[in-house]
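Taking it in order: structure first as structure tokens, then the write-up.
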2 protein chains.
Amino acid sequence: MGPPMTDFASTEQRLSVTCRRYPDFPRRPGILVRLITHIYKALHDEANALLKPYGLNHPEYNLLMMLYGTTSGTMSPSELADVAGEKSANITRLTNELSEKGLISRSASADDRRKVELSLTPQGLAAIESLLPDICGLLARQGRHLTISEQVQLEKLLKKFLSGLAD
Amino acid sequence: MGPPMTDFASTEQRLSVTCRRYPDFPRRPGILVRLITHIYKALHDEANALLKPYGLNHPEYNLLMMLYGTTSGTMSPSELADVAGEKSANITRLTNELSEKGLISRSASADDRRKVELSLTPQGLAAIESLLPDICGLLARQGRHLTISEQVQLEKLLKKFLSGLAD
DNA sequence: AATAAATAGTACATTTATATAATAAATGTA
DNA sequence: TACATTTATTATATAAATGTACTATTTATT
């Protein structure tokens, strides 16, 4: 079954072969993209596994946390789609689910009546606070191999990398 | 519609609120996870957009490139699943599609008859080489905001971060 | 040799995500 | 006022991903 993908040696090997066959291939950006992909998938899987007992999946949890992070306590669907990186059609489906579970509520915006205000219900808040201890444990564990200064440095570099996307 | 998500300021703002409401929240790992998520989605979307004219999507392209990177030219479905970060059930579907398009072929392994050997067909190789110029341009563009030494440093930190996942 | 346990691959059902288009209401502006 | 634009939802249809269970084969154990 090959080496566990957390080692990554085989990926480097394959990129070497690729560059030999096609010398123009940008090796370093290529490896960064593959690392990001593997990390994202691992994060996604771990979060889903942790959240399953709470009846939530990773995207649903994310939406709840976006709302939890606002000062006003509300966001419109399109804002939410933007900050969570979801497509708008997907936001409708996800917010429907969260709404059916009683975790968020919809109401018309006062100043722009085209807009819908999404906000956490008391049950939504309670759900978040019941799962946050687990999430905090997971996040701490996921970052444990990096020192604080490495985390700071990584954050800085990722922001710079992100700034090169989608302009 | 809110700030473009390539800036990320609003994410930091939300994490500040979150930490104020729930002081145990691990801020730095949290921000790393959100950065990775946004970057992955942007990479995924850009790759899909580029590949669409070639009749491929990002996962399919990835599988082709994994095979392109082998010296033997073949891989079993489970190896491929491992290195591409796909679930095994998904590999069956994806390799079916690639096989129907004539880009890869299946054959029985000589030494272990449970195994299937997947390999690029001449058409698969031609497909890769026809899209690689575009891919190389994309990768180079995506990494252009980072210097070589920043790319090296980022790669190192991402590997360390990955090593903390799924043990 | 016989049996048990592990591995590889797939089929099927379900869930999750996307793309597209149509609708409707509210807003801004010529 | 008339008209284009924005916001959000809905409705399909389709695609992508996952979980579970099942078959065949190999490997290990007795």
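Chain letters run A, B, ... following the sequence lines, proteins first, then strands; residues in each count from 1.
Rounded to a whole Å, the CG atom of B/D111 is 15 Å from the P atom of D/dT25. Rounded to whole Å, the distance from CD1 on A/I91 to P on C/dT16 is 15 Å. One interatomic measurement links the two molecules: CD of B/E97 to P of C/dT10, which rounds to 14 Å at whole-angstrom precision. Nucleotide C/dT10 holds its C1' atom 14 Å from the CD atom of B/E100, rounded to whole Å. Distance B/H44 NE2 to D/dA15 P: 15 Å, rounded to the nearest Å. B/L80 has its CG atom 16 Å from the C1' atom of D/dA17, to the nearest Å. Nucleotide C/dT18 holds its P atom 16 Å from the CG atom of A/N96, rounded to whole Å. Between the CG atom of B/D82 and the C1' atom of C/dG9 there is a distance of 15 Å, given to the nearest Å.
Pair assignment for D/dA21 gives C/dT10, based on Watson-Crick or G-U wobble hydrogen-bonding distances that are each under 3.5 Å. With a 3.5 Å ceiling on both atom-pair distances, the Watson-Crick or G-U wobble partner of C/dG28 is D/dC3. If you check D/dA13 for Watson-Crick or wobble pairing at under 3.5 angstrom, you find it paired to C/dT18.
Among the nucleotides C/dT18, D/dT26, D/dT10, the one closest to the side chain of A/K87 is C/dT18. The nucleotide whose nearest atom lies closest to any side-chain atom of A/T92 is, among C/dT18, C/dA6, D/dT10, D/dT10. Among the nucleotides D/dT25, D/dA17, C/dT18, the one closest to the side chain of A/E86 is C/dT18. The side chain of A/D45 lies closest to D/dT18 when the candidates are D/dT18, C/dT10, C/dT20.
With hydrogens and angles left out, the side-chain atoms of B/S119 and B/S105 include a donor and acceptor closer than 3.5 Å. Looking at B/S16 and B/R27, their side chains do bring a donor and an acceptor atom within 3.5 Å of each other. With hydrogens and angles left out, the side-chain atoms of A/Y61 and A/N48 include no donor and acceptor closer than 3.5 Å.
For B/R113 against D/dT25, no side-chain N or O and base N or O form a donor-acceptor pair under 3.5 Å.
Applying a 4.0 Å cut-off to non-hydrogen atoms, the residues of residues 58-77 of chain A that approach DNA chain D are A/S76, A/P77, listed by residue number.
Shown here is B/R113, whose CZ atom has no more than 12 heavy atoms of other residues, nucleotides or ligands within 6.0 Å.
For the OP1/OP2 pair of D/dT9 and a distance below 4.0 Å, the side-chain nitrogens and oxygens of A/S88 include no atom meeting the criterion. Listed pair B/N57 / D/dA16 meets the phosphate criterion, a side-chain N or O lying under 4.0 Å from OP1 or OP2. Using a 4.0 Å cut-off, no side-chain N or O of A/R93 falls inside it from OP1 or OP2 of C/dT16.
Both A/A89 and B/A89 sit near DNA chain D, but only A/A89 has its closest nucleotide nearer the 5' end. Between A/K115 and B/D112, the residue anchored nearer the 5' end of DNA chain D, judged by the nucleotide with its closest heavy atom, is A/K115.
With salt bridges taken as basic N to acidic carboxylate O contacts below 4.0 Å, one links A/E12 and B/K159.
Ring orientation note: the planes of A/H44 and A/H58 are tilted relative to one another, at an angle of 30° to 60°.
The only member of B/T70, B/L98, B/L80 that meets side chain to side chain contact (heavy atoms under 4.5 Å, CB included) when paired with B/L118 is B/L80.
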Please step through salt bridge (Lys or Arg N to Asp or Glu O under 4.0 Å) for the pair B/R28 and A/E155, ending with a clear verdict. CA-CA 8 Å; B/R28 292 207 188 286; A/E155 178 182 328; 3.5 Å; yes
